[in-house]
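The structure under discussion appears below in the form of structure tokens.
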Amino acid sequence: MTHVITVPPSLDDHSFEQVLEQVAPLPPDEKILVDARHARWASPYGLTALLALAQTRTERPAFAAPELEETASYWARAAFFQHAEALYDMHGHYPKRAPSGESNVLLEVTPVTKGEDVHSVVGMVQERAQKIIKNELKLESKAIIGFAMTLSEVCQNIIEHAGQGGWVAVQSYRWTKRLGRRVVVIAVCDAGLGFRKSLESAPGHLPTSRWGDATALEEAVIRGVSRFRDRSRGQGLAGARNYVGRWNGKLSVRSGTARISIVPSWDDDVPLAEDLAPFAGAQVQVIIPEAAPSGANEKDSPMDI
Amino acid sequence: MMHHIDVSSVLRETLACDLYSNLVTRTTGAAVRGQIEQLLGGDDMRRALTVIDFSHVSMIDFSCADEVVAKLLIRYTSDDPPHEAYFLFRGVTEDHRDAIEAVLERHALALAVEREDRVELMGVLSDDERRAWYATYRLGRAEAADVANEIGVAVDAARETLCALCRRRLVMSVNGEYVAVGHAA
């Protein structure tokens, strides 16, 4: 029997939880069909998480592509289908090749499995990020290097801790509903070990009574703890946290059944969400917003909707 | 003895590739540091000053800065360094600064860096160390008494601070006199 998993029309880090809630009760060898026919939009998180989701299944899942031509075309430009074909049995019509033309995709969905991938990801994004961050987000040029550094560190997280490959995508868009300003978003998703298991593999690890996904995330993201004894380690996420703090951005890291977020004043997310539907590996999202107009209160920014 | 190491060239040799000018990933950083340590020579080396040149490096991330800068300094400021090595950093721009400062802070390290026509300190130093180093740098070649006089402390206190700066490889002790790294370059 095939279970149909419905993809919400707007797929981002929050609405992806609806996908996971549907998958959670099913054993990994149960056949699923991920039905994205009615999807209209997906954030980089949504696209990369869909690929990671397929990696959690032992029975090859099926995927129904978005019916709306504009959506399918956008997902093709983001190189989603090209990778999805390797993981899903594909159904429906979708562009086989990425259509050319202007795009706000800074980095297509790209696999990250080894160190060289991080070099090429950073190299590809640097030039395009320069244009977007300076001209569209109107941030100081210092924000550009920090962006590339953050991208590098979150990608390395996969190589160092996941135990298998993952996916990265970077996109810029106008975030009308939440912020009314442009944002640039990095999403990095893998279905590997996850933070709890990674930290549990540290020599001499002694779990406390409240040890779990949430405490593992607090250790890694807030306290910079890593599974290595070397106290140099664990700086990557600390660096990403400082970067989003400086540019009024948001960092969320989901792993297992928990999500921890560094929440800026313009967002109303919770700092720590627990008891979520389980999802293997780690999923990281970084959002950097356009500079607020001078004199504007971050919280009261005008919304388009 | 003085060396000059162009980090960008070392990076290209390490990766065997001309495509990348970014110092990213911990693995790359460890490999680049390994190359730098080879270029610095072995146990038979005596005192040497090495210019570590970042001029042609586009960016460096935290992990790479930790490997290339922090671990290099940790090794050569340890109680058992391979030899007496001093480092002067060149070509460190705003694009490199955040990552390097972060790792210096994490390990309580400090380094001397060229800035146009002068040399400055980056990293974690006490006020006494900072004042003593800048006084030594201004004086060129100085005895502890000169530095004490310059910063208004007792000679013993100045000597103690200068010894600490010598252990941190920010000052060289030459025949009873002190020379700030950077002044000697």
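Labels below follow one simple rule: chain letters A, B, ... track the order of the sequence lines, proteins then strands, and each chain is numbered from 1. Below, all heavy atoms of this structure are taken into account, side chains as well, without hydrogens, waters or symmetry copies.
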For B:Q35 and B:T14 the tightest heavy-atom approach is CG-OG1, 3.6 Å
Proximity breakdown for B:A99 and chain A, heavy-atom pairs closer than 4.5 Å
both
Report the residues that fulfil side chain to side chain donor-acceptor pair (under 3.5 Å) with A:D117, sequence neighbours left out, ordered by chain and then residue number.
A:T113, A:K114
Taking A:R181 for its side chain and A:E290 for its backbone only, find out whether a donor-acceptor pair lies under 3.5 Å.
yes
Of the backbone (N, CA, C, O) and the side chain (C-beta and beyond), which part of B:L23 lies under 4.5 Å from a heavy atom of chain A, both, or neither?
neither
Tell me which of these, B:D98, B:T27, B:I60, B:V103, has more heavy-atom pairs under 4.5 Å with chain A than the rest.
B:D98
Going by side chain to side chain donor-acceptor pair (under 3.5 Å), name the residues that satisfy it together with A:R254, two or more places apart in sequence or in a different chain.
A:E17
